[in-house]
Amino acid sequence: MKEFSRRSLARRLAAGGVAAAALPKNASSQSPAPKRLAFPAGFKWGCATASYQIEGAVAEDGRGPSVWDKFSHTPGKTHNGDTGDVADDSYHRYKEDVQLLKNLGAKVYRLSISWSRIFPEGTGKPNEKGIAYYEKVVDDLLTNGIDPYVTLFHWDLPQALQDRVGGWQSSDTSKAFAQYAGYVAKRLSDRVHHFFTTNELVCFTDLSYKIGQFAPGLELRPALVNQVRHHGCLAHGLGVQAIRAAARPGTQVGMAENAVVCVPVVETPPEIAAAQKATRQINAPFLTAVMEGKYTDAYLTKEGADAPKQTDAEMKAISSPLDFLGLNVYTPEYVRSDDSPAGFAMVSRPVSFPHMASNWLYIGPEVIYWAVRNVSEVWKPKELYITENGCSSDDVLEKDGHVYDTDRVMYLRNHLTQLQRAAVEGYPIKGYFLWSLLDNYEWADGYSKRFGITYVDFKTQKRTPKLSSAFYRETIASNAVA
Ligand code: PNW
């Protein structure tokens, strides 16, 4: 496996000549080592992945189909008709992937479990071979000194539940999720100490049942969409309760949310206050409901007759206290103060605003600082993790066997600088999971968008750590922005 070792990188830089030649004589030996921006001791560095995006082996060992199998095999739904049938074949190559993590020096790894491997029909009798697979993966991580953080739902809903009850259109699916979550917690909590219920409520509700971009690809009317959102929140809440009831004492429970991050257009007290008002309102159907146990009046008024039907017991479950909150952070939304009753206005981006290879992935590194700060100040969570952050790049495997993804390194370095700012200001940020360990199946974009710090040749399954892997390894080793 070709990769950037520290030595080869140093040799390369020394031989590179350009920078060295431009420096005055002896300048390099006299100049002090760059001051690194240090993270708190014990900061947890890792990577994240998701089952359908990396595993493949979709018909193996009794796995039932998920909505993503059906959707990706429906003509016209994904880029190039790409499916997750093989993906990174991590189902068979997980040991190699654990070694990639080990070589990075990762302390933690966020993986997700495929619900339909455990309950092929969504509910009913568990499939022993399904749970046995995750036991093997978790054991291999632990043997290599890596602490597993497990996400229970990263969008691969059993197709059987879609067929039987309409998937997230029914609260039966929320209840089925709680059963599944409790079962997995019971089986794994002797060795897994951190569970996430759901990943990104908006993606498996709005993107999947409102705009139809993701499985199952529906475009429902607003009242039904609001109910789908409510059932997603309810699954999270019932899941928290089920995990607590089934797991060993001390098991930590949280969720991974991509709340909209409201960045103040300038950092002055009135603009910061506007961004925090916006944080509550814009996330009203999701994170605000989870943290506050009620939908905001503004949301209910706006939706009117289409507002979700809810009971007090459901809202109580939805707001079950969490041990930690995970934030998936990608792209900023800019907010300014104004005189409207809401007290804020969203600011649209000029056409020239830069983005990464995915056209939605606008680059504003301060997004990660404001994600942590807004959520901390508005809701005071006990602990926070960045559960995803990273980017797509048009990576090229060069003739010398390397991938020089300097744009990804730029993206990561600037985001980590802003995360370090939040850490030194004392916000309770405990760890960072880079998305992603591997190039993988990027949902409706298929294999056309690469988010990995490891290049994957999807024909041969050969893994090649990119320049960004070398950058991340240095960051982890020095516990500082490298
Ligand atoms: C997250 N958007 O999804 C997911 O959790 C990952 O599975 C995914 O691969 C990663 O981010 C990169 O996309 C998102 O359109 C998908 O704004 C789409 C959007 C945001 C996040």
Side-chain angles (χ1 to χ4, degrees), residues 46-55 66-68 71-72 77-79 82 84 87-88 90 109-115 149-157 196-215 217 232 236 254-262 282-283 286-287 325-333 346 349 353 355-364 367-368 371 385-395 408 411-412 415 432-454 456 468:
C47 294
T49 62
S51 45
Y52 189 69
Q53 294 182 271
I54 66 163
E55 286 177 359
S66 81
V67 292
W68 270 95
F71 184 77
S72 65
K77 297 297 186 191
T78 68
H79 172 88
D82 289 347
D88 291 324
S90 202
Y109 176 50
R110 174 174 174 243
L111 70 153
S112 88
I113 290 192
S114 154
W115 182 345
Y149 281 55
V150 166
T151 308
L152 290 156
F153 184 66
H154 202 124
W155 313 349
D156 39 3
L157 182 75
F196 302 96
T197 52
T198 49
N199 180 71
E200 301 192 345
L201 287 163
V202 71
C203 288
F204 72 87
T205 59
D206 286 27
L207 297 195
S208 304
Y209 290 79
K210 180 183 174 188
I211 67 167
Q213 182 192 334
F214 286 175
H236 155 75
M255 73 192 308
E257 262 300 270
N258 61 334
V260 174
V261 182
C262 301
I282 305 290
N283 296 296
F286 304 114
L287 189 58
L325 180 62
L327 299 173
N328 294 0
V329 179
Y330 289 96
T331 213
E333 295 295 334
M346 305 307 284
R349 273 176 289 259
F353 203 103
H355 63 77
M356 298 299 295
S358 305
N359 57 13
W360 56 268
L361 218 179
Y362 294 99
I363 308 163
V367 66
I368 202 162
Y385 287 85
I386 299 302
T387 29
E388 289 182 24
N389 173 242
C391 64
S392 48
S393 162
D394 294 329
D395 298 316
R408 182 175 286 104
Y411 181 99
L412 294 172
H415 282 73
Y432 174 90
F433 295 87
L434 196 160
W435 185 273
S436 184
L437 175 65
L438 303 164
D439 291 338
N440 59 47
Y441 181 70
E442 177 55 14
W443 307 112
D445 287 333
Y447 298 100
S448 70
K449 295 287 180 281
R450 294 176 177 273
F451 273 82
I453 57 170
T454 310
V456 177
S468 52

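Residue numbers start at 1 and run along the sequence shown. Note that the coordinates shown come from a computational prediction; the quantities given were computed from them, not determined experimentally. Atoms within each ligand, like the ligands themselves, are counted from 1 in listed order.
By the ring pair (Phe, Tyr, Trp, His ring centres under 6.0 Å) test, Y447 is found to be paired with Y441, F458, residues two or more places apart in sequence or in another chain being considered. Remark: D445 pairs with no residue by the salt bridge (charged side-chain N to carboxylate O under 4.0 Å, His left out) rule, at least two apart or across chains. R408 meets the salt bridge (charged side-chain N to carboxylate O under 4.0 Å, His left out) test with D395, D405; sequence neighbours excluded.
Between F433 and Y149, the distance separating the two ring centers is shorter than 6.0 angstrom. Ring centroid separation for the pair F204 and F153 comes in under the 6.0 Å cut-off.
To the nearest 0.5 Å, atom CG of residue L434 and atom CZ of residue F451 are 11.0 Å apart.
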Nitrogen or oxygen contacts under 3.5 Å, ligand 1 side and protein side:
unit_1   : atom_1 : unit_2 : atom_2 : d
ligand 1 : 3 (O)  : E200   : OE1    : 3.1
ligand 1 : 5 (O)  : H154   : NE2    : 3.2
ligand 1 : 5 (O)  : N199   : ND2    : 3.0
ligand 1 : 5 (O)  : E200   : OE1    : 3.4
ligand 1 : 5 (O)  : E200   : OE2    : 3.4
ligand 1 : 5 (O)  : E388   : OE1    : 3.0
ligand 1 : 5 (O)  : E388   : OE2    : 2.8
ligand 1 : 7 (O)  : Q53    : OE1    : 2.7
ligand 1 : 7 (O)  : H154   : NE2    : 2.8
ligand 1 : 7 (O)  : W443   : NE1    : 2.8
ligand 1 : 9 (O)  : Q53    : NE2    : 2.9
ligand 1 : 9 (O)  : W435   : NE1    : 3.3
ligand 1 : 9 (O)  : E442   : OE1    : 2.6
ligand 1 : 11 (O) : Y330   : OH     : 3.2
ligand 1 : 11 (O) : E388   : OE1    : 3.2
ligand 1 : 13 (O) : E442   : OE2    : 2.6

